[in-house]
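Treat the numbers as computed from the prediction; the structure is a model and nothing was measured.
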Amino acid sequence: MAAATKRSWKLQEFVAHGSNVNCLALGHKSGRVMVTGGEDKKVNMWAVGKPNCIMSLSGHTSAIEAVRFGNSEEMVAAGSMSGALKIWDLEAAKIVRTLTGHKANLRSLDFHPYGDFVASGSLDTNIKLWDIKRKGCIFTYKGHTNCVNCLRFSPDGRWIASAGEDGSVKLWDLTAGKLLTELNDHTGPVNSLEFHPNEFLLASGSSDRTAKYWDLETFQCVSTTDGECGGIRSISFHPDGLCLYAATQDVLKVYGWEPARCYDTVATGWGKVVDIATAQSQLIGALYSQTNVSTYVVDLQKVQPMGGVPAEPSPEPPTVQAAPAAPPAQRLSASGRKSFQTDRPQTQSTKQQNPYKEEPQEPAGQGDDPEDDAQSVADIKDPNDYREIFQPRHGLSHSPTTTAQPFPAPPDDGIPEKDIPPPPVIVKHNTRQQPVHVPPQRAAQSSPSQQTQSRQQQQPAQPAQFAPPPVSQQPHSQPPAPHSATSVPASTVIPSQREQPVGLAVEDFLPKRGVPVVNEGQSYPSNMSEAEAISTIMKGHDAMVAVMSSRTKNLSIVRALWTGGNMKTALDSAVNMNDQAVIVDLLNVLIFKPALWNLDVCLGMLPHLKDLINSKYESYVHCGCSALKLVLKNFGPVIKETVNAPPSIGVDITREERLRRCRGCFKYLMDVRDIVDGKQNVEGKLGSTFRELKLLIQSVE
């Protein structure tokens, strides 16, 4: 009898860049290739299941913020913090085009179904449609009021759907060059969009914890999910359109619509997943944390509606049925909803005519820089994998779908994976050696002598194929810094560093072995018993309880004033308590509800944002930056216009009060500017946030 296997497991974790990773994307045709972009200004290509970089693309002059594969995985697009967009031909291993025009970070990309066009969304709130062959921007679509988080072309290539940080979903008609409709039912930022593969249906996933389905004939919301999960980070339809996979933090949800229902919930442990894609009978999830990239696998044959045992009775899963014959102009899906016509339109001449509305072209030299292209280099790190994946022998497929087999699932034996410390194996990556753990099931099924023999047999080079590499099966493990093979003991367990606050280590709060513990002037031996250790820890418990009780009391006072209808008094009371923790809690509520802000609130909170940005606690810094960004975006233009306006004639009390508040806000913003300027070189997401704040402050000056 075959042993039961897991529904989801961690496939691999590896160091992807020399500095922090900013973005990644999976190839959605095969699900077996991945592209990453980092602070090191490089774009790296990977095969899922292998720890070695296949190819590294360089040439950008700033950090990479967005990446995307073409529909056939022959090309890849990468957008940078400077707003530049580079498109690469992976088969030829060379740059195709460099396109410039955005005024801020690129955040979203998508290729047209026919491959000749690419769309880009930016922090400057604009969407641009680019013609790859003609080297220029065809049209700029304006309408979002905040960053464009996601872009998707419709299967027939006639529409673009865009999702914004402002919570809106917009549909753009490419032929007419105008907004078709706007869908505003979400109450939080929309992170992901997907068109149904067969029907006139659009799905959107949002931070408000819901996924919504939109009928593209009536532009009405068909159904919405229950919102019981966390914020939805990525969505993907089943290849046949049977269900929707929604990836949230640590959980995969499988949804249906008409009626709305949840088929299954899978605890994956993949953290803040970034992208998901289906490959054969498996779903691949990918995420990044600092310099590392991790991939996870979900066996869809063990997940409803394709397989497995449902947790509770649910309607029968949908089946694929042939739709009744209909004219091409009125093609219907199995559900009776209209379908997209995905056949490429025929052209009448060898030179394809652009069917989309165009705007006046930019002057020569502003859209494409030949010198910039000359500096763009493709460095092939693994020739064998490169030839197998991007240069197949017959030229029929540019993805490894024809030879790739599903990744084998580890046995579900009920033993916690953390209790099986596997021996590390050294994997070489870019001349750096990284300890990577052998799967627990292999360690459990072999003796020490067999493990030694197997490692000796693995030393000769093996032909490139999609067998899973030795990876760690621990859900939250982190690859350590590079070490030599002799310096890593066989029983080393790598502690988790994911989501660890900056400047804090858990070990600092635990008794050190071999070092006497000193608490309240008394010294305790390091080899103390469990009861003694608990007693030592409990001595600090009362102080912590007193701190938390005081914080709860202060928040109760603020809440009582707030619910009494006097928000200004509640804010003043929180400020007078002189407790940053209370201010942070209050700001988190205000950030979530931008409509509560006005110039009075800005004037009261700005002095404290300066202290939060300088705080040693990362969560405080993030809160301060988010609040400052909200003030600059919503009130920056008003402050600038009021401060620079000429004096009015006569007495206008309202205008004088507004001018007083705006001048106060402007003064505090200039004070914060010096701090923001000094933090431009901070690495990671904080550095990107500070650079974004600098641009916003410059718009107010």
Side-chain angles (χ1 to χ4, degrees), residues 81 83 103-105 122-125 144-147 165-166 567-568 570-572 574-576 578-580 582-648 652 654-682 685-701:
M81 186 178 294
K103 298 178 181 179
N105 312 29
S122 170
L123 189 64
D124 63 12
T125 73
H144 282 283
T145 59
N146 209 325
C147 175
E165 191 75 14
D166 53 13
M567 188 179 74
K568 182 68 168 58
L571 295 177
D572 293 340
V575 169
N576 293 332
N578 199 24
D579 186 348
Q580 277 196 339
V582 174
I583 294 176
V584 168
D585 289 338
L586 190 59
L587 279 175
N588 284 326
V589 175
L590 292 172
I591 291 170
F592 190 71
K593 296 182 176 294
L596 297 176
W597 288 77
N598 53 39
L599 285 175
D600 276 333
V601 176
C602 294
L603 189 59
M605 292 290 105
L606 277 174
H608 303 280
L609 298 185
K610 178 180 177 181
D611 297 331
L612 293 180
I613 292 175
N614 265 331
S615 173
K616 64 180 180 180
Y617 301 114
E618 184 182 15
S619 60
Y620 287 15
V621 177
H622 277 298
C623 178
C625 289
S626 299
L628 182 59
K629 190 187 302 183
L630 187 148
V631 170
L632 288 168
K633 288 183 177 180
N634 293 349
F635 296 94
V638 175
I639 294 172
K640 180 178 180 180
E641 181 181 353
T642 304
V643 170
N644 295 333
S648 62
D652 188 342
T654 303
R655 185 184 183 282
E656 291 296 329
E657 284 295 317
R658 184 169 66 250
L659 179 61
R660 180 185 63 81
R661 297 187 185 99
C662 289
R663 283 178 175 173
C665 292
F666 185 80
K667 175 182 177 298
Y668 290 127
L669 288 175
M670 294 303 101
D671 293 341
V672 173
R673 177 187 60 181
D674 298 333
I675 300 175
V676 172
D677 288 344
K679 295 180 178 288
Q680 296 297 297
N681 296 325
V682 175
K685 287 295 182 183
L686 274 180
S688 176
T689 301
F690 282 122
R691 289 188 284 273
E692 181 182 344
L693 285 175
K694 182 178 180 180
L695 294 175
L696 292 172
I697 293 176
Q698 287 176 347
S699 66
V700 179
E701 297 177 357

Original post:
So, for Ile583 and His608, which heavy atoms are closest and what is the spacing to 0.1 Å?
Top reply: CD1-ND1, 3.8 Å
Subject >> Leu606 side chain reached by Val672 side chain, heavy atoms, under 4.5 Å >> reply: no
Subject >> Gap separating the SG atom of Cys665 from the CG atom of Leu599, nearest 0.5 angstrom >> reply: 5.5 Å
Original post:
Which atoms form the tightest heavy-atom contact between Ala104 and Ser122, and what is the distance?
Top reply: O-OG, 3.3 Å
**OP:** Kindly give the heavy-atom pair with the smallest separation between Arg655 and Ala645, and that separation in Å.
**Re:** NH2-CB, 3.6 Å
**OP:** Applying side chain to side chain contact (heavy atoms under 4.5 Å, CB included), run through Met605 and Val575 and close with a yes or a no.
**Re:** CA-CA 8 Å; Met605 292 290 105; Val575 169; 3.6 Å; yes
Original post:
Rounded to the nearest 0.5 Å, how far apart are CG of Leu659 and CD of Glu657?
Top reply: 9.5 Å
Subject >> Neighbour count >12 (heavy atoms, 6.0 Å) for atom CG, Asp674 >> reply: yes
Original post:
Which pair of non-hydrogen atoms, one from Val582 and one from Ala574, has the smallest distance, and what is that distance?
Top reply: CG1-CB, 4.1 Å
**OP:** Give every residue pair that meets the salt bridge (Lys or Arg N to Asp or Glu O under 4.0 Å) criterion with at least one member in residues 599-611, sequence neighbours excluded.
**Re:** Asp600-Arg661
**OP:** Return the set of residues passing side chain to side chain donor-acceptor pair (under 3.5 Å) with Arg658 (not counting sequence neighbours), or none when no residue passes.
**Re:** none
Original post:
Which atoms form the tightest heavy-atom contact between Lys694 and Val676, and what is the distance?
Top reply: N-CG1, 3.9 Å
Original post:
By ring-ring contact (aromatic ring centres under 6.0 Å, His included), which residues pair with Phe666, not counting sequence neighbours?
Top reply: none
Subject >> Pairs flagged by side-chain hydrogen bond (donor to acceptor under 3.5 Å, both in side chains) wherever residues 589-599 is involved - sequence neighbours left out >> reply: none
Original post:
How far apart are the C-alpha atoms of Leu587 and Leu612, what are their side-chain angles, what is the distance that settles it, and do they pass the side chain to side chain contact (heavy atoms under 4.5 Å, CB included) test?
Top reply: CA-CA 11 Å; Leu587 279 175; Leu612 293 180; 3.4 Å; yes
**OP:** Determine whether Leu603 and Arg660 make a side-chain contact, defined as any pair of heavy atoms from C-beta on separated by less than 4.5 Å.
**Re:** yes
Original post:
Given the rule in the side chain to side chain contact (heavy atoms under 4.5 Å, CB included) test, do Val700 and Val643 qualify, once you have shown the distances and angles that lead to the verdict?
Top reply: CA-CA 10 Å; Val700 179; Val643 170; over 6 Å; no
Original post:
Given the rule in the side chain to side chain contact (heavy atoms under 4.5 Å, CB included) test, do Ile675 and Asn614 qualify, once you have shown the distances and angles that lead to the verdict?
Top reply: CA-CA 8 Å; Ile675 300 175; Asn614 265 331; 3.3 Å; yes
Original post:
What heavy-atom pair brings Ile613 and Gly624 nearest, and what distance separates the two atoms?
Top reply: CG1-C, 4.2 Å
Original post:
Under 6.0 Å from the CD atom of Gln698, do we count more than 12 heavy atoms belonging to anything else shown?
Top reply: yes
**OP:** Tell me, please, which residues at least two apart from Asp579 pass salt bridge (charged side-chain N to carboxylate O under 4.0 Å, His left out).
**Re:** none
Original post:
Who are the side chain to side chain donor-acceptor pair (under 3.5 Å) partners of Asp677, not counting sequence neighbours?
Top reply: none
**OP:** Would you check if Met670 and Ile697 make a side-chain contact, meaning some heavy-atom pair closer than 4.5 Å?
**Re:** yes
Original post:
side chain to side chain donor-acceptor pair (under 3.5 Å) with Thr145: which residues, sequence neighbours excluded?
Top reply: Asp166
Subject >> For Arg663, all residues meeting salt bridge (charged side-chain N to carboxylate O under 4.0 Å, His left out), sequence neighbours excluded >> reply: none
Original post:
So how far is it from Leu571 CG to Asn576 CG, rounded to the nearest 0.5 Å?
Top reply: 11.0 Å
Which donor-acceptor pairs under 3.5 Å do side chains of residues 625-640 form with protein atoms, sequence neighbours excluded?
| from | atom 1 | to | atom 2 | distance (Å) |
| --- | --- | --- | --- | --- |
| Ser626 | OG | His622 | O | 2.9 |
| Lys633 | NZ | Asn146 | OD1 | 2.9 |
| Lys640 | NZ | Ser699 | O | 3.3 |

Subject >> Partners passing side chain to side chain donor-acceptor pair (under 3.5 Å) against Asp572 (at least two apart in sequence or in another chain) >> reply: Lys568
